[in-house]
Number of protein chains: 2
Amino acid sequence: MDQHRVTFTLNRLVGELNTTADRVLRKDFGLTYSQFLFLVHLDSAGTVSSSVLAKNMGVSRAAVSKRIPWFTSRGLVRSGHTPSDNRVLTLSATSQGKRLVAEMSDHLEQRFREKFDSLEGVDLDELNRTLLCVLDHFQQQPREAAMAT
Amino acid sequence: MDQHRVTFTLNRLVGELNTTADRVLRKDFGLTYSQFLFLVHLDSAGTVSSSVLAKNMGVSRAAVSKRIPWFTSRGLVRSGHTPSDNRVLTLSATSQGKRLVAEMSDHLEQRFREKFDSLEGVDLDELNRTLLCVLDHFQQQPREAAMAT
DNA sequence: CACTTTCTGTCAACTAGTTGACAGAATAAT
DNA sequence: ATTATTCTGTCAACTAGTTGACAGAAAGTG
């Protein structure tokens with residue numbers, strides 16, 4: 001319980017970051033952090049099916065399915081069936097949704113900068129690179145499954 | 001949505017780490033990662049009240065309260081009222097609980113090492129220090145609340 | 001002492017996820 | 001062409017957390 005304490009630190013940090021982001025967004029936009037994330041994913045994906053969005057978000061199809069009405073009823077997301085494949089429900093952010101998510105992103109980024117401008121000795125870009133490296137290394141390891149043929 | 005992408009990376013990484021830890025612990029011990037965390041906190045705290053444990057874990061008192069029977073019924077946790085204060089419910093890990101959490105920690109750490117021995121170019125201890133520094137800087141910032149007197 | 005406040009654990013009602021089952025549409029196989 | 005498989009979104013039932021209310025015990029205050 002000493003070496004993998006990095007994982008504890010990571011958990012504490014993201015907990016703190018997400019809680020703070022949530023508080024800010026609730027106060028200034030009336031939306032949850034997880035609602036923000038939904039819009040971010042949808043916005044960056046353009047037009048996607050419900051199940052692709054679920055996969056992108058790392059969440060079950062059912063979870064996405066249940067949240068859709070909340071967003072459509074507020075005019076933030078548009079949903080409809082494509083003629084090409086009657087199964088899939090096509091989702092995209094409305095212009096209002098895109099505008100909102102842009103505002104929220106800007107706001108959050110500004111807050112974030114304010115906090116970390118004064119942080120000397122840590123290069124956040126380098127930190128990000130390191131984390132991506134760790135993540136990459138960690139993900140390309142399911143050999144047990146791949147080799148079990 | 002460019003600068004605070006560090007936060008996205010962080011979220012992805014801890015998601016991956018926790019999911020993996022959960023899978024390992026379920027398979028080899030039949031316990032959840034969050035059950036493991038419960039025991040870790042309790043073990044490292046020694047003997048604590050329910051509400052202190054809740055605070056340590058960053059979770060509500062009700063959440064802890066509801067989970068206790070699961071652990072006591074399996075003989076992993078002991079709970080009882082102290083004579084000094086009849087309100088508080090005193091919790092501690094049984095010797096069986098301690099043994100289990102030690103085994104789980106060892107197992108997890110071993111798996112963790114296996115994965116990251118081969119990772120060159122990243123010093124995990126240094127990463128941990130950096131993260132702690134960021135966390136520290138981030139936490140000592142609630143000036144708005146503190147100054148509003 | 002009487003009182004108010006604070007703190008404890010628990011309850012009910014809610015939220016946002018999960019899994020497993022399902023029907024229907026698209027695709028693959030024979 | 002039929003049959004089988006796969007993929008879609010949704011439903012029901014469950015899980016693990018939340019908040020807000022509560023009663024009872026402890027501590028503070030007049």
Side-chain angles (χ1 to χ4, degrees), chain A residues 11 14-15 18-23 25-27 30-42 45 47-74 77-92, chain B residues 11 14-15 18-23 25-27 30-42 45 47-74 77-92:
Chain A
N11 270 286
V14 314
N18 293 353
T19 301
T20 304
D22 189 68
R23 195 167 39 231
L25 294 180
R26 270 177 204 269
K27 178 167 164 260
L31 262 71
T32 296
Y33 182 59
S34 97
Q35 286 160 351
F36 166 67
L37 285 184
F38 189 102
L39 290 176
V40 166
H41 278 279
L42 193 48
T47 298
V48 279
S49 72
S50 177
S51 67
V52 168
L53 182 61
K55 189 164 293 180
N56 289 349
M57 294 181 65
V59 100
S60 70
R61 283 174 294 149
V64 168
S65 175
K66 282 191 287 189
R67 300 183 66 178
I68 294 172
W70 192 93
F71 292 97
T72 54
S73 70
R74 280 162 182 76
V77 167
R78 193 183 309 114
S79 84
H81 286 278
T82 73
S84 64
D85 188 336
N86 265 330
R87 291 172 304 175
V88 327
L89 191 63
T90 309
L91 302 175
S92 56
Chain B
N11 271 286
V14 314
N18 293 354
T19 301
T20 304
D22 189 67
R23 195 167 39 229
L25 294 180
R26 270 178 204 269
K27 177 166 164 261
L31 261 70
T32 296
Y33 181 59
S34 98
Q35 287 161 349
F36 166 67
L37 285 183
F38 190 101
L39 290 176
V40 166
H41 278 278
L42 193 49
T47 297
V48 280
S49 72
S50 176
S51 67
V52 168
L53 183 60
K55 189 164 293 178
N56 289 350
M57 294 180 65
V59 100
S60 71
R61 282 174 295 148
V64 169
S65 175
K66 281 191 287 188
R67 300 183 66 178
I68 294 174
W70 193 93
F71 292 97
T72 54
S73 72
R74 280 164 182 75
V77 167
R78 193 183 309 114
S79 84
H81 286 279
T82 74
S84 64
D85 188 337
N86 266 329
R87 291 173 302 176
V88 328
L89 191 64
T90 309
L91 302 175
S92 57

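All chains are named by letter (A, B, ...) in the order of the sequence lines, taking the proteins before the strands, and each is independently numbered beginning at 1.
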Do the side-chain N or O atoms of [X] get closer than 4.0 angstrom to the phosphate oxygens (OP1, OP2) of [N]?
| X | N | answer |
| --- | --- | --- |
| A:Arg67 | C:dG17 | yes |
| A:Ser65 | D:dG9 | no |
| B:Thr32 | D:dA16 | no |

If you look at every strand shown and take non-hydrogen atoms under 4.0 Å, does [X] touch a base, only sugar-phosphate, or nothing?
| X | value |
| --- | --- |
| B:Val64 | nothing |
| B:Ser51 | sugar-phosphate |
| A:Thr90 | nothing |

Find the distance [X]:[atom1] to [N]:[atom2] and express it as a whole number of Å.
| X | N | atom1 | atom2 | answer |
| --- | --- | --- | --- | --- |
| B:Asp22 | C:dT18 | CG | P | 13 Å |
| A:Tyr33 | C:dG17 | OH | P | 13 Å |
| A:Leu31 | C:dA16 | CG | P | 11 Å |
| A:Lys55 | C:dT18 | NZ | P | 14 Å |
| B:His81 | C:dT8 | NE2 | P | 14 Å |
| B:Leu53 | D:dG17 | CG | C1' | 15 Å |
| A:Leu89 | C:dA23 | CG | P | 20 Å |
| B:Ile68 | C:dG9 | CD1 | P | 8 Å |

Side-chain donor-acceptor pairs of residues 63-70 of chain B under 3.5 Å, sequence neighbours excluded:
unit_1, atom_1, unit_2, atom_2, d
B:Arg67, NH2, B:Ser34, O, 3.3
B:Arg67, NH2, B:Ser34, OG, 3.1

When B:Val88 and A:Gly58 are each assigned the nearest nucleotide of DNA chain C, the 5'-most assignment goes to B:Val88
Counting only distance, no hydrogens or angles, is the base of D:dG9 paired donor-acceptor with the side chain of A:Arg87 under 3.5 Å? no
Could one point to a donor on the side chain of A:Lys66 or the base of C:dT18 with an acceptor on the other under 3.5 Å away? yes
Closest listed nucleotide, where the reference is the side chain of B:Ala63 and the choices are C:dG9, D:dT18, D:dT10: D:dT18
For the side chain of B:Asp85, counting heavy atoms from C-beta on, which of D:dA25, D:dG17, C:dT10 is nearest? D:dA25
Would you find a donor on one side and an acceptor on the other, under 3.5 Å apart, between the side chain of A:His41 and the backbone of A:Leu53? no
Map B:Ser34 and B:Asn86 onto DNA chain D by nearest heavy atom, then report which one ends up closer to the 5' terminus. B:Ser34
Using 0.5 Å steps for rounding, measure from the OG1 atom of A:Thr32 to the CG atom of A:Leu37. 10.0 Å
So, taking the atom named CG in B:Leu91 and the one named CZ in B:Phe38, what distance separates them when rounded to the nearest 0.5 Å? 6.0 Å
Would you check if there is a donor-acceptor pair between the side chains of A:Ser92 and A:Arg78 at a distance under 3.5 Å? yes
